[in-house]
Chemist: 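So that we are looking at the same thing, I have put the structure below in structure tokens.
Just so it is clear, the structure is predicted and the values come from calculations on it, not from any experiment. Below, chains carry the letters A, B, ... as their sequence lines are ordered, and counting in each starts from 1. When reading the values below, keep in mind they use all heavy atoms of this one structure, side chains included, and skip hydrogens, waters and symmetry mates.
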Amino acid sequence: MKKEWPLWEVFIRGQHGLAHRHVGSLHAPDAEVALKSARDVYTRRNEGLSIWVVQANDITASSPSEKGPLFDPSQDKVYRHPTFFPMPEELKGL
Amino acid sequence: MYAQMVKSTGAAVKSLEEMEPQERAFQERIDAGEKIEPKDWMPEGYRKTLVRQISQHAHSEIVGQLPEGNWITRAPTLERKAILLAKVQDEAGHGLYLYCAAETLGVSRDELYEQLHSGKAKYSSIFNYPTLNWADIGAVGWLVDGAAIMNQVPLQRTSFGPYSRAMIRICKEESFHQRQGYDIMMKMAFGNEAQKRMAQDALNRFWWPALMMFGPSDKDSVHSAQSMAWKIKLNTNDELRQKFVDQTVPQAEYLGLTIPDETVKWNEERGHYDFADPDWAEFFEVIKGNGPCNKERLGARVKAWDDGAWFRDGLMAHAQKHALADAAE
């Protein structure tokens, strides 16, 4: 039996209706303890309204060395940005 | 400071021209102020030095709970006790943020604890001094946390992403620590004669160990150059020590306390206070394990870990049993 408690990643939703944001990680034997520990470790000063914990092993991450090919498809589609289309200056509301 | 004597590669810093392309690209990212993230390529020396530095810092936070924990049950009022508890809990949190940052570099939490418990890893020399009277708790917050802030504020800009983010969290919480300490010092220094004597006594004993927190003098600090090139150290030991003295002398004057160094004097020409060196022989002895409380501190830490083993194992066994039961459903 592996004795070290598994690693959990902690996400907190702050006060102003924003999305949950990664704040750090911690070790805990299960999800219930991970949630309680996350409260003590990451919200001692009213930082959050809601906590998510996810086992770090369950996260699939992209590799920084592949960031070229991974993000390349969005590089050549400048027309996705509104500034691609010059508009007549005298017009309003565009 | 919390990481006082971090060994780096020991080799001279390479120029960009001397580096292989991969290392050169890495150094150029650092020079451009980019953050390095755990999965990025990094030189082995960078990884190893960072593991040493971050874990030393984490160990200091954890061991740092012990001198203050000593006073939780003896705090003079319920309010002071609640405040001290909250502060000590913060230190535990700071240790946890930092351990997690170190673990992103591929070392496990159990390995890090093992290094601390076996004496292989160091923690700050300051925590090997005893806290003998209540004013010591004031002096620790004022001087020790004050010195820590001096070092940690620039480290928010360090090149390694997880370390930088941990430092940002820590700095947000640290100013409470320093202020609660100074608040205790004001109460004591402006109290009756006996209280004032206790405050002066605490300053006398913590002044020199606080100066030692910044590590050896620059001329004896062999590993600084590489760490500074990698931006895992942002200021030299002597720069930070001077800054600390400049900030602290007027604070002591306000309290009506005397810095236990007759050479402390404003130097108009330099625009800084002059001050004497701490006893470096004592510093190296404490680092080697021969300070007044090294054995007690490490002993208490190892005992807490060993005594908690049945509890950690029990929770793990419980979790595994339930995971199996859930899978069978």
Side-chain angles (χ1 to χ4, degrees), chain A residues 1-16 18-49 51-72, chain B residues 22 25-26 29 34-42 85-104 107-114 161-163 165-166 168-170 172-173 176 308-324 326:
Chain A
M1 182 177 89
K2 192 178 174 302
K3 281 187 161 180
E4 189 167 347
W5 287 356
L7 187 68
W8 300 75
E9 299 297 335
V10 180
F11 300 81
I12 308 260
R13 188 210 298 284
Q15 306 282 353
H16 306 292
L18 297 173
H20 283 77
R21 185 166 156 254
H22 182 244
V23 292
S25 46
L26 51 79
H27 288 270
D30 58 28
E32 194 188 338
V33 178
L35 262 187
K36 288 188 172 133
S37 302
R39 184 204 54 187
D40 291 344
V41 179
Y42 291 106
T43 65
R44 287 193 302 280
R45 287 172 177 77
N46 296 321
E47 287 94 336
L49 296 174
I51 305 174
W52 288 348
V53 289
V54 185
Q55 260 208 48
N57 277 340
D58 292 334
I59 293 180
T60 309
S62 65
S63 159
S65 61
E66 286 160 20
K67 76 170 184 259
L70 186 64
F71 297 109
D72 183 59
Chain B
Q22 205 170 25
F26 172 85
R29 286 183 64 196
E34 275 184 49
K35 295 279 181 244
I36 307 301
E37 295 296 338
K39 286 184 158 189
D40 292 345
W41 182 88
M42 59 185 79
L85 256 178
K87 183 196 187 265
V88 172
Q89 191 190 19
D90 272 355
E91 306 298 0
H94 295 178
L96 294 179
Y97 309 155
L98 287 161
Y99 280 129
C100 287
E103 286 173 79
T104 65
V107 60
S108 80
R109 180 74 61 91
D110 280 5
E111 283 172 69
L112 294 172
Y113 283 160
E114 202 280 320
Y163 191 27
R165 293 191 283 273
I168 289 169
R169 283 195 75 86
I170 289 174
K172 273 188 192 159
E173 300 178 347
F176 148 52
W310 68 272
F311 180 74
R312 292 191 304 276
D313 294 349
L315 283 190
M316 200 63 227
H318 176 80
Q320 284 173 339
K321 197 172 89 183
H322 279 265
L324 282 177
D326 290 347

Chemist: Using non-hydrogen atoms only, which part of A:Ala28 is less than 4.5 Å away from chain B: side chain, backbone, both, or neither?
Modeler: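 No part of it gets close to chain B.
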Chemist: Can you tell me if B:Thr104 uses its side chain to pair, donor with acceptor, with the backbone of B:Ala101 under 3.5 Å?
Modeler: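 A pair under 3.5 Å: yes.
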Chemist: If you count heavy-atom pairs under 4.5 Å between each of B:Arg165, B:Arg109, B:His322, B:His318 and chain A, which one has the most?
Modeler: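 Of B:Arg165, B:Arg109, B:His322, B:His318, B:Arg109 has the most heavy-atom pairs under 4.5 Å with chain A.
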Chemist: In terms of heavy-atom proximity below 4.5 Å to chain A, should B:Ser108 be classed as side chain, backbone, both, or neither?
Modeler: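 Interface part for B:Ser108: both.
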Chemist: Please classify the contact of A:Ser62 with chain B as side chain, backbone, both or neither, using a heavy-atom distance under 4.5 Å.
Modeler: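 Just its backbone gets close to chain B.
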Chemist: Considering residues at least two apart in sequence or located in another chain, which fulfil the side chain to side chain contact (heavy atoms under 4.5 Å, CB included) criterion with B:Gln22?
Modeler: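 For B:Gln22 the side chain to side chain contact (heavy atoms under 4.5 Å, CB included) partners, ignoring immediate neighbours, are B:Trp41.
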Chemist: Are any side-chain N or O atoms of A:Arg13 and backbone N or O atoms of A:Gly48, one a donor and one an acceptor, separated by less than 3.5 Å?
Modeler: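 No; judged by distance alone, with no hydrogens or angles, the pair does not exist.
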Chemist: Considering residues, nucleotides and ligands other than A:Arg45, do more than 12 of their heavy atoms fall under 6.0 Å from its CZ?
Modeler: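 Enclosed.
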Chemist: Under a 4.5 Å heavy-atom cut-off, does chain B meet the side chain of A:Glu47, its backbone, both or neither?
Modeler: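 Side chain only.
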Chemist: Is there a donor-acceptor contact under 3.5 Å from the side chain of A:Gln15 to the main chain of A:Asn46?
Modeler: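 Yes, the answer is positive, given that a donor and an acceptor are paired below the 3.5 Å cut-off.
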Chemist: Which atoms of B:Tyr113 are under 4.5 Å from chain A, going by heavy atoms: the side chain, the backbone, both sets, or neither?
Modeler: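 For B:Tyr113, no heavy atom lies under 4.5 Å from chain A.
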Chemist: Heavy-atom pairs under 4.5 Å with chain A - which of B:Glu103, B:Gln89, B:Glu173 has more of them than the others?
Modeler: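 That would be B:Glu173.
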Chemist: Of A:Val41, A:Val23, A:Leu26, which is the lone residue that meets side chain to side chain contact (heavy atoms under 4.5 Å, CB included) with B:Tyr97?
Modeler: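 With B:Tyr97 as partner, side chain to side chain contact (heavy atoms under 4.5 Å, CB included) holds for just one option, A:Val41.
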Chemist: Heavy-atom pairs under 4.5 Å with chain A - which of B:Arg169, B:Lys172, B:Glu37 has more of them than the others?
Modeler: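 Looking at each of B:Arg169, B:Lys172, B:Glu37 in turn, B:Arg169 comes out on top.
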